[in-house]
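The next block holds one structure in the form of structure tokens; read it before the comments.
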Amino acid sequence: MKRFKFLMTVLLPIAIQIGCNRSNEECEIPSGYKENIASLDILRMEDLFFGDLSKDKMMSNLESYPQFTTAMFANMGIENQDQLADELLLIHQDSGMVELYQEVKAHFGDISDIKNDLEIAFAGIKYHYPNYKVPAVYTFVSGFGSDLIVTEDVIVIGLDYFLPNDHKFQPVDLPYYILKRYNKAHLVPTIVTAISSQFNKTKLTDRSLLAEMIYYGKSYHFTKTILPCTSDELIIGYETDEILGSYANEEMIWGHFIENELLFETNPFEIRKYTGEAPFTDVISPDAPGRIGRWIGWNIVDDYQSNNDLNLMELMKQDDARLIFKNSGYKPRRP
């Protein structure tokens, strides 16, 4: 496959214009969203699992919050709650865990901003899906065991994962290109993108690269619709220069997909090159950001929605990736 050199200067003005238009620098929350805002209670579970705990108190905590207990600890492989209490006492009295908890409390003592952003997000979802039931939301310090748990009924936020990127406590098993997205600014967009999977219909029999691109494109479109004042960078997890460079080189990127007949590729190893986590998409260019197929899918979905005047529910219900692509009228942006 031929690799290309990204153009970062010639087309930069048009890229800036496109990027800024979509990022909605001057933005207001839709009035319909505001009418659905309701107060959200976030339960700070970390405060119950640290400190001078007895086994009886630990057992009481586990029994008092069965929804959290099941979501957080069901996969630990422990046979009964008595053994679970013993194990958790050992973990949460460890000096390193106690220090991590103290650091989380120092940085997240006040989470009113997270609460407000989630209230807006849930209001936006309820505007488009009136029957949506807001899940119970918990925070916790997992010792880098779990970053986010998002189901229809519960959300658990592992706050230790979202400490500042320069903090001394960082998960050691994540490369930087992923780790840089673990901070408070990315938290709520990441939660909303995870929630989108509840509404994102897809044909399980279509295992093509196009289907995967469209699936991710719909998820990002969902998040942008629910959080219209959130920048594209925080939704897809790109740096600003990666966004601008992708717009500047969109025609070249799309040409790579067409010239190499990739859209209907079903080999999972080939698909992963374009949608999987990576520091860059090397088969296109060492300057092309990773997951570039997801970004192209987002553009296709945006064009499909715009050119067919669909509401969010109608868009998310459409499970035919080939139809979405055909009716999108998608063409790369040109200067």
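For N75, the CG atom sits in a loose shell: 12 or fewer heavy atoms of surrounding residues, nucleotides or ligands are nearer than 6.0 Å. Surrounding CG of L204 are at most 12 heavy atoms belonging to other residues, nucleotides or ligands under 6.0 Å away. Heavy atoms of other residues, nucleotides or ligands lying less than 6.0 angstrom from CG of D41 number 12 at most.
Under the rule for a side chain to side chain contact (heavy atoms under 4.5 Å, CB included), R272 has no partner lying at least two apart in sequence or in another chain. In this view, E103 satisfies the salt bridge (charged side-chain N to carboxylate O under 4.0 Å, His left out) rule with no residue, not counting sequence neighbours. Every ring pair (Phe, Tyr, Trp, His ring centres under 6.0 Å) that F50 has, sequence neighbours left out, goes to H92, Y101. Residues that satisfy the ring pair (Phe, Tyr, Trp, His ring centres under 6.0 Å) test with H128, not counting sequence neighbours, are Y33.
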Without placing hydrogens or testing angles, list every side-chain donor-acceptor pair under 3.5 Å for residues 149-158, not counting sequence neighbours.
| residue | atom | partner | partner atom | Å |
| --- | --- | --- | --- | --- |
| T151 | OG1 | D153 | N | 3.2 |
| T151 | OG1 | V154 | N | 3.0 |
| T151 | OG1 | V154 | O | 3.3 |

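Here the side chains of V301 and F222 are not in contact, with every heavy-atom distance at 4.5 Å or above. Between H256 and I253, the closest side-chain pair of non-hydrogen atoms is not below 4.5 Å.
The line from OG1 of T190 to OH of Y182 is 8.0 Å long, rounded to the nearest 0.5 Å. Within the model, atoms CG of L234 and NE2 of H186 stand 4.5 Å from one another, a figure rounded to the nearest 0.5 Å.
The one candidate from Y138, Y65, F140 that meets the ring pair (Phe, Tyr, Trp, His ring centres under 6.0 Å) condition with F49 is F140.
Within the structure, side chain to side chain donor-acceptor pair (under 3.5 Å) contacts touching residues 49-59 (residues at least two apart or in different chains) are K55-D82, K55-D86.
Aromatic ring orientation, H107 versus H167: perpendicular (interplanar angle above 60°, classes split at 30° and 60°).
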